[in-house]
Amino acid sequence: MSEGHYLELCENPVQFENASSVNNVFFDEANKQVFAVRSGGATGVVVKGPDDKSSVAFRMDDKGEVKCIKFSIGNKILAVQRTPKSVDFINFVPDFPHLEFSQECKTKNASVLGFCWTNWNEIVFITDQGIEFYQVFPDKRNVKLLKSQSITVNWYIYCPETAVLLLSTTVQGNVLQPFAFKSGTMSKMNKFEIELPVVPKPAKLSLSERDIAVATIYGQLYVMYLKHHSRTVNSPSAEVVLYHLPREGSCKKTNVLKLNTTGKFALNVVDNLVVVHHQSSQTSSVFDIKMREADCPPSVHQPVLPARSIHPYRIPLTGPAAVPTQPPVPCELYSSSWSVFQPDIIISASEGYLWYIQVKLPPAVNLLQDKGKLMDFLLRRRDCKMVILSVCSQMLVGGDKGSVQVVATVFDKLNQVYKEYLEAEQSYTVAMESGPSRGSAAHKRPVRTQAVIDQSDMYTHVLSSFTERKEVCHKFIIAVLMEYIRSLNHFHITVQHYLYELVIKTLVQHNLLYMLHQLLQYHVLSDSKPLACLLLSLESTYPPAHQLSLDMLKRLSTANDEIVEVLLSKQQVLGALRFIRSVGGHDNISARKFLDAARQTDDGMLFYTIFRFFEQRNLRLRGSPNFNPGEHCEEHVSFFKQMFGEQALMKPATV
């Protein structure tokens, strides 16, 4: 952790036959598969993918050197290019014959640069003179041309995630023409130009595919251009220029990532972070295009974390020469034999490994001192919840303790995300209740990401244990609790009663009863039945809590039954009766409950008064002072006769 290796290679890489034992190694970005091809008599192919289901081995006739080989999506059809003119197909669909059939490119004198599968049975050939979009029929063993486009092509890049193909055109190669594919259709998008660095005449620069990558960042498609500057005083270092490529509309230059050095670089995108690997220093930097630097223009970005090397990785020895006790061999990081693919793949053909690169958040925590920036960074990451809660805990105790102002900033950032989720949930619920409306897109339930830190999370993992810390000043504890409640109120989020209970218990524990009284009096702590019950339980410690509880229950106006129960439990029977009369509920209350409470006081006159009240109620409602059998008051009638004589009972009204 101390080295701050916030990037690592995945623990379970895809292992394949290394370059020393095969003729060629190919990588298919769409299926994330590595093809190890060995020629000699028949061509042996071993395909390794991210799981066992996508791994397969087979042999095919040796018809020449394999230039490109890829499965269609789902491993249904294999496409193999051996010549500059044609592509061969082999069925892997069950029950179809595994016979080869071939398709030549339609354009005369054109050479096939490569091909991309856009669907399980749709493929696009890229030639030096344009593109040809085909549908493949494995049952009929033939191919149908759907659409073609004539255009001079230097090189191409395909983004399988968005099915967008990028073609480099013109002499300098810096005019890029994108095409989008979807369900048998091919759409031409707006072309755009990459700005090349200015170089002294007569020298000319051309754009190489090695300096271009295409990836999705925060749900948007970007073309990333690795811009190497000439070594001049004004621009000594390289940078990555991002061009936002929308489905409709023009492509625009949106972001510049400052690398602050020169040399050989490679790009990945991991968890919406642009990762730039620098070979000579053997370090990687990460950029977050949603982070803003105060001293930079909005579109210019510095690395969000200091440059660090990928976490050391050890390769276990295998094969006949391996000794069981022999320790794993350190992997050479940033090797010249590494190949980097989008979005997050690194392949070492010489060692026979495919890794996914990952971001580890815990080591990054200590590299960003500004807690506000740290929260901005963490909230956008995939597995952030427990790291955020850990940061909040550290922020409140020990040497990492922040000021109340810093704590408030962090709470506001968390609750803003929390509020956005609650609003999305509410909108979804309203939409579902109102039913489907014509012409509107189907409403999707909002996804609750790990960035949504709700009150339960904060209470369970941070605040409840924080309030029990003996070494922390109680004033700071209370200030933190009140800041969290303030932040929730600021975003109009209903505060859960257990947070108020935590405040009250903390105030009582530190004997800050005057402050408690003020918070209740000025309604800083919102009224609720659970809170009123908690106040009642504090009466022995703080006698005014009883009246505060009653006042709160009265304000709620939905807690009349609870108020009556409270007063009866305190043997304030007349008070309970007056209250229920004041709110107009005295015709429906249980006579037995009040008579039980009156008898428990051992006050004869009180019992007489209560008994007489209910006799008068019976007379008014039913014309007779007698109790109905269903009221189960026989015991109390007998007691009344015993105490005051039968003649004291009210007589029915005479007509």
Side-chain angles (χ1 to χ4, degrees), residues 433 494 496-498 500-501 504 520 525-655:
E433 288 174 352
T494 303
Q496 297 298 318
H497 67 85
Y498 48 76
Y500 289 138
E501 288 176 12
I504 291 172
L520 292 165
L525 307 181
S526 297
D527 298 341
S528 72
K529 289 182 184 179
L531 202 55
C533 293
L534 175 64
L535 286 171
L536 279 175
S537 70
L538 298 174
E539 186 186 3
S540 58
T541 308
Y542 184 53
H546 173 72
Q547 190 58 47
L548 288 169
S549 169
L550 283 181
D551 293 343
M552 183 178 289
L553 289 169
K554 286 176 185 175
R555 287 194 298 272
L556 285 169
S557 75
T558 57
N560 295 337
D561 292 342
E562 285 83 352
I563 294 174
V564 169
E565 293 294 339
V566 168
L567 292 170
L568 291 179
S569 70
K570 303 292 293 179
Q571 297 191 335
Q572 297 179 18
V573 188
L574 276 177
L577 197 55
R578 289 192 196 99
F579 169 74
I580 205 69
R581 286 188 70 179
S582 71
V583 295
H586 53 292
D587 286 348
N588 302 314
I589 56 174
S590 164
R592 179 176 174 172
K593 179 185 288 188
F594 276 78
L595 292 169
D596 283 345
R599 278 186 68 178
Q600 287 170 11
T601 64
D602 294 327
D603 184 338
M605 287 312 297
L606 176 64
F607 180 78
Y608 180 90
T609 305
I610 298 300
F611 191 91
R612 184 66 79 212
F613 169 81
F614 284 105
E615 279 189 318
Q616 290 170 344
R617 185 185 76 165
N618 294 341
L619 183 64
R620 177 168 52 83
L621 295 177
R622 300 195 298 269
S624 170
N626 298 332
F627 291 92
N628 281 339
E631 293 182 274
H632 306 294
C633 291
E634 294 83 4
E635 178 189 343
H636 295 302
V637 172
S638 299
F639 181 74
F640 185 86
K641 290 178 184 178
Q642 181 186 333
M643 287 285 294
F644 306 106
E646 189 165 348
Q647 70 278 5
L649 289 169
M650 282 184 68
K651 301 296 185 288
T654 56
V655 180

Checklist entry - How would you list, by chain and number, every residue that makes a salt bridge (charged side-chain N to carboxylate O under 4.0 Å, His left out) with Lys593, sequence neighbours excluded? => result Glu565
Item to check | With Asp603 via side-chain contact (heavy atoms from CB on, under 4.5 Å) - residues at least two apart | outcome: Thr601, Met605, Leu606
Do any side-chain atoms of residues 632-642 form donor-acceptor pairs under 3.5 angstrom with protein atoms, and if so which ones, sequence neighbours left out?
from, atom 1, to, atom 2, distance (Å)
His632, NE2, Gly630, O, 3.4
Glu635, OE2, Arg599, NH1, 3.2
His636, NE2, Asp596, OD1, 2.6
Ser638, OG, Glu634, O, 3.2

Checklist outcome for this item: By side-chain contact (heavy atoms from CB on, under 4.5 Å), Arg617 pairs with (sequence neighbours left out) Asp587, Ile589, Ala591, Phe614, Arg620, Leu621, Glu631
Checklist outcome for this item: What one should report as the nearest heavy-atom pair of Pro625 and Asn618 is O-ND2, 3.2 Å
Item to check | Sequence-distant partners of Glu615, salt bridge (charged side-chain N to carboxylate O under 4.0 Å, His left out), two or more places apart | outcome: Arg612
Checklist entry - What distance separates Gln600 CD from Leu568 CG, expressed to the nearest 0.5 Å? => result 9.0 Å
Item to check | Qualifying residues under salt bridge (charged side-chain N to carboxylate O under 4.0 Å, His left out), relative to Asp602, sequence neighbours excluded | outcome: none
Checklist outcome for this item: Shortest non-hydrogen pair, Ala598 vs Ile610, comes out as CB-CG1, 4.1 Å
Checklist entry - More than 12 foreign heavy atoms under 6.0 Å from CZ of Arg581: is that the case here? => result no
Next on the checklist: Quick check: do Arg622 and Asn628 have side-chain heavy atoms less than 4.5 Å from each other?
Outcome noted: yes
Item to check | Separation between CZ of Phe594 and OG1 of Thr609, rounded to the nearest 0.5 Å | outcome: 13.5 Å
Next on the checklist: Restricting to side chain to side chain donor-acceptor pair (under 3.5 Å), what partner residues turn up for Glu501, sequence neighbours left out?
Outcome noted: His497
Checklist outcome for this item: Hits for side chain to side chain donor-acceptor pair (under 3.5 Å) against Asn588, two or more places apart or cross-chain, chain-then-number order -> none
Next on the checklist: What verdict does the side-chain contact (heavy atoms from CB on, under 4.5 Å) test give for Arg592 and Phe627, after you've listed the backbone C-alpha separation in whole Å, the side-chain angles of each residue and the deciding distance to 0.1 Å?
Outcome noted: CA-CA 10 Å; Arg592 179 176 174 172; Phe627 291 92; over 6 Å; no
